[in-house]
Amino acid sequence: MTPVAEKAELRDRRRLARRRRRLARLDIALGVLGAIVLIVATPGLAVSALIALLVLALCGLSFVVERRRRTRNRRSPRRGRAAPGSPRRSGAGSERPRPARRL
């Protein structure tokens, strides 16, 4: 990989990390705001606790789904980019012939 490509890749990774941090801060801020509204608006703490537990369960589910998606993406090779040193595939005729279908 050339130094220019490495710098570009590093810049892209940093930009994605900044985006994730901003989204995490936004999620936390919305959660705190929602908690304040929930405590002020509901008549009893039991109702607030049930709603809070439901929201926590949904957040945990979202976290698990995102983590699985991230690990799946790490395991599977990226499409559209050839590995360094590997020949690029040509568009037409590069696919393996398909076996004949039986009727």
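Atoms CG and OG1, from Leu50 and Thr42 in turn, are 10.5 Å apart once rounded to the nearest 0.5 Å. Atom CG in Leu53 sits 11.0 Å away from atom CG in Leu58 (nearest 0.5 Å). Expressed to the nearest 0.5 Å, how far CG of Leu16 lies from CZ of Arg21 amounts to 11.0 Å. Put simply, CG on Asp27 and OG on Ser62 are 8.0 Å apart, with the number rounded to the nearest 0.5 Å.
Grouping the Ile, Leu, Val, Met, Phe, Trp and Tyr side chains by contacts below 4.5 angstrom, directly or via other members, places Val47 apart from Leu56.
With respect to Asp12, the side chain to side chain contact (heavy atoms under 4.5 Å, CB included) criterion is satisfied by exactly one of Glu9, Arg15, Arg14: Arg15.
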